[in-house]
A.B. asks: 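Quick one: the structure is below, and I'll ask about it shortly.
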Amino acid sequence: MIWWLKARGVPAIGAAILGTFLLALVVRQEAIPVPSVLGSSSQLLVTQILGVFPAVLLLHGIDRGDVISEEVALRHRGRRNVALCFVFAFVSVALAAAVQLSGDRPEALSLARNSVGFLGAALIMRALLGPGIAAICVATLPLACAVAGRNAGGTVQPWAWPIHEPSSDLGAAEAAILFVVGCAFLLWRRRPVLDPLGRPA
C-alpha cells in the first residue's frame with residue numbers, strides 16, 4: 001500500500017494542497033486582468049486558478065507507471081483511485097472549513113470548490129481524450145470562464161462555476177456534480193476513448 005501511495009505521488013499532492021491554501025491566504029483577492037469576449041476587460045482571481053495545480057498533480061499520479069501491468073497486478077485498482085480522489089476532496093474541504101472558521105476567508109472556500117471541480121472535469125476529459133489533453137483543458141478552464149463567463153452587466157454566467165462567488169450554491173453544486181461524474185468514469189472507464197497524446201502501444 002505504501003508503494004502504491006508513493007507511486008501515485010501522494011506526498012507531493014498533499015504538499016501541493018497545503019501549499020495552495022497557504023498561498024491563497026497570502027494573495028487573498030489579488031486578480032489577473034484578462035480580456036473579455038464582450039470587449040471590456042475582466043479579471044480572474046489568483047485563488048480561482050490555484051486549484052488547477054493539485055488537481056493536475058493527482059491526475060498525473062493516477063496515470064503514472066504501466067497501467068496495463070497494474071491492472072493485472074492489483075485488484076480493485078479503480079476503487080483505490082476513486083478512494084484517493086475522495087480523500088483529496090475531503091482534505092480540500094476540511095482545510096477550507098478550518099480556515100473559514102478561524103476567520104472570514106472566503107478565498108479558501110473558492111479554492112476548495114475549484115480544486116474538487118477541476119479534478120472532476122479532469123477525470124471526465126481523461127476518460128474521453130486521455131490525461132495529457134485533460135491536463136491542458138483543466139489548466140485553461142478558469143481562463144476560459146473569466147474570458148467568456150460574464151454577461152454584459154458583469155454577472156457571472158450559471159455555467160462558469162470556477163469564477164462564481166465563494167458562497168455560491170450553484171457553483172458548489174456544479175463542482176460536486178463534475179467530481180461525482182469524474183469518479184464514476186474513473187471507476188468504470190479504465191482507458192480513454194481516444195488518447196492523441198498518449199504513448200504508442
Side-chain angles (χ1 to χ4, degrees), residues 1-24 46-96 98 108 110-143 161-162 175-201:
M1 187 65 180
I2 295 176
W3 166 84
W4 186 86
L5 292 173
K6 288 182 177 179
R8 290 293 172 276
V10 171
I13 295 167
I17 295 173
L18 182 59
T20 53
F21 271 91
L22 291 175
L23 185 56
V46 173
T47 53
Q48 292 172 339
I49 62 176
L50 286 177
V52 168
F53 185 53
V56 169
L57 270 183
L58 179 51
L59 178 71
H60 174 68
I62 288 172
D63 284 288
R64 287 178 67 181
D66 188 339
V67 176
I68 297 176
S69 299
E70 229 181 55
E71 285 179 352
V72 175
L74 291 176
R75 303 178 73 179
H76 311 306
R77 174 179 176 270
R79 294 181 193 174
R80 288 188 179 186
N81 284 333
V82 169
L84 181 58
C85 291
F86 271 91
V87 170
F88 174 95
F90 174 79
V91 171
S92 298
V93 173
L95 279 173
S110 176
L111 175 56
R113 177 198 67 202
N114 287 7
S115 296
V116 173
F118 290 149
L119 177 59
L123 293 175
I124 294 171
M125 291 305 301
R126 171 189 176 273
L128 300 176
L129 296 171
I133 289 182
I136 294 171
C137 290
V138 169
T140 59
L141 177 58
L143 179 60
W161 58 268
I177 290 171
L178 285 172
F179 178 74
V180 171
V181 173
C183 287
F185 272 115
L186 181 61
L187 184 61
W188 292 311
R189 185 85 198 179
R190 303 294 177 85
R191 303 178 198 174
V193 177
L194 296 173
D195 194 357
L197 300 184
R199 292 173 296 182

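All of these numbers come straight from a predicted model, not from anything done at the bench.
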A.B. asks: Please list, chain by chain and in numerical order, all residues satisfying side-chain contact (heavy atoms from CB on, under 4.5 Å) with V10, sequence neighbours excluded.
C.D. replies: L5, R8, L84
A.B. asks: How long is the gap from CG on N114 to OG1 on T47, to the nearest 0.5 Å?
C.D. replies: 8.0 Å
A.B. asks: Can you tell me how far the CD1 atom of I13 sits from the CG atom of L18, to the nearest 0.5 Å?
C.D. replies: 14.0 Å
A.B. asks: Nearest 0.5 Å, please: how far is CG in L50 from CG in L23?
C.D. replies: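 So the gap between those two atoms works out to 5.0 Å.
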A.B. asks: Distance from T20 atom OG1 to I49 atom CD1, nearest 0.5 Å?
C.D. replies: 11.5 Å
A.B. asks: Can you see which heavy atom on P131 is nearest to which on D63, and at what distance?
C.D. replies: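 Result for this residue pair: CB-OD2, 3.6 Å.
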A.B. asks: Just so I know, are the side chains of C85 and L58 near enough to count as touching, which here means a heavy-atom distance under 4.5 Å?
C.D. replies: yes
A.B. asks: Closest heavy-atom contact between V82 and C183?
C.D. replies: CG2-O, 3.5 Å
A.B. asks: Any idea which heavy atoms bring G51 and L111 closest together, and the distance?
C.D. replies: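 Answer, listing the atom of G51 first, then L111: N-CD1, 3.4 Å.
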A.B. asks: Any donor and acceptor pair, going by atom type alone, linking the side chain of R79 with main-chain N or O of L187 inside 3.5 Å?
C.D. replies: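 No, the answer is negative, given that no donor and acceptor are paired below the 3.5 Å cut-off.
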A.B. asks: List in chain and number order the residues that pass side-chain contact (heavy atoms from CB on, under 4.5 Å) with V87, two or more places apart in sequence or in another chain; answer none if no residue qualifies.
C.D. replies: V91
A.B. asks: Show the nearest heavy-atom pair for residues P54 and S115, with the distance to one decimal.
C.D. replies: CG-OG, 4.4 Å
A.B. asks: Shortest non-hydrogen contact from V52 to A139?
C.D. replies: CG1-CA, 3.9 Å
A.B. asks: Quick test of your reading: applying ring pair (Phe, Tyr, Trp, His ring centres under 6.0 Å), list the pairs with at least one residue in residues 121-141, sequence neighbours left out, ordered by first then second residue.
C.D. replies: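 Every pair satisfying ring pair (Phe, Tyr, Trp, His ring centres under 6.0 Å) with a residue in residues 121-141: there are none.
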A.B. asks: Of all the heavy-atom pairs spanning A112 and S92, show the shortest one and how long it is.
C.D. replies: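 Of all heavy-atom pairs spanning A112 and S92, the closest is CB-O, 3.5 Å.
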A.B. asks: Quick one, F118 with L178, criterion side-chain contact (heavy atoms from CB on, under 4.5 Å). Give me CA distance, side-chain angles, the key distance, then yes/no.
C.D. replies: CA-CA 8 Å; F118 290 149; L178 285 172; over 6 Å; no
A.B. asks: Using the test side-chain contact (heavy atoms from CB on, under 4.5 Å), find all partners of L194 that sit at least two apart in sequence or belong to another chain.
C.D. replies: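 Result, side-chain contact (heavy atoms from CB on, under 4.5 Å) vs L194: L129, P196.
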A.B. asks: Can you tell me how far the CZ atom of R126 sits from the CD1 atom of I62, to the nearest 0.5 Å?
C.D. replies: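 CD1 of I62 is found 6.0 Å from CZ of R126.
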A.B. asks: Do S110 and Q48 touch side chain to side chain, with heavy atoms closer than 4.5 Å?
C.D. replies: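 Yes, close enough: below the 4.5 Å cut-off.
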A.B. asks: Hey, could you give me the CG/CG distance between L123 and L128, rounded to the nearest 0.5 Å?
C.D. replies: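 Reported value, rounded in 0.5 Å steps: 11.0 Å.
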A.B. asks: Mind checking what makes ring-ring contact (aromatic ring centres under 6.0 Å, His included) contact with F86, not counting sequence neighbours?
C.D. replies: F179
A.B. asks: Could you pull out all residues at least two apart from A108 that satisfy side-chain contact (heavy atoms from CB on, under 4.5 Å)?
C.D. replies: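 Applying side-chain contact (heavy atoms from CB on, under 4.5 Å) to A108 gives F21, A96, V99.
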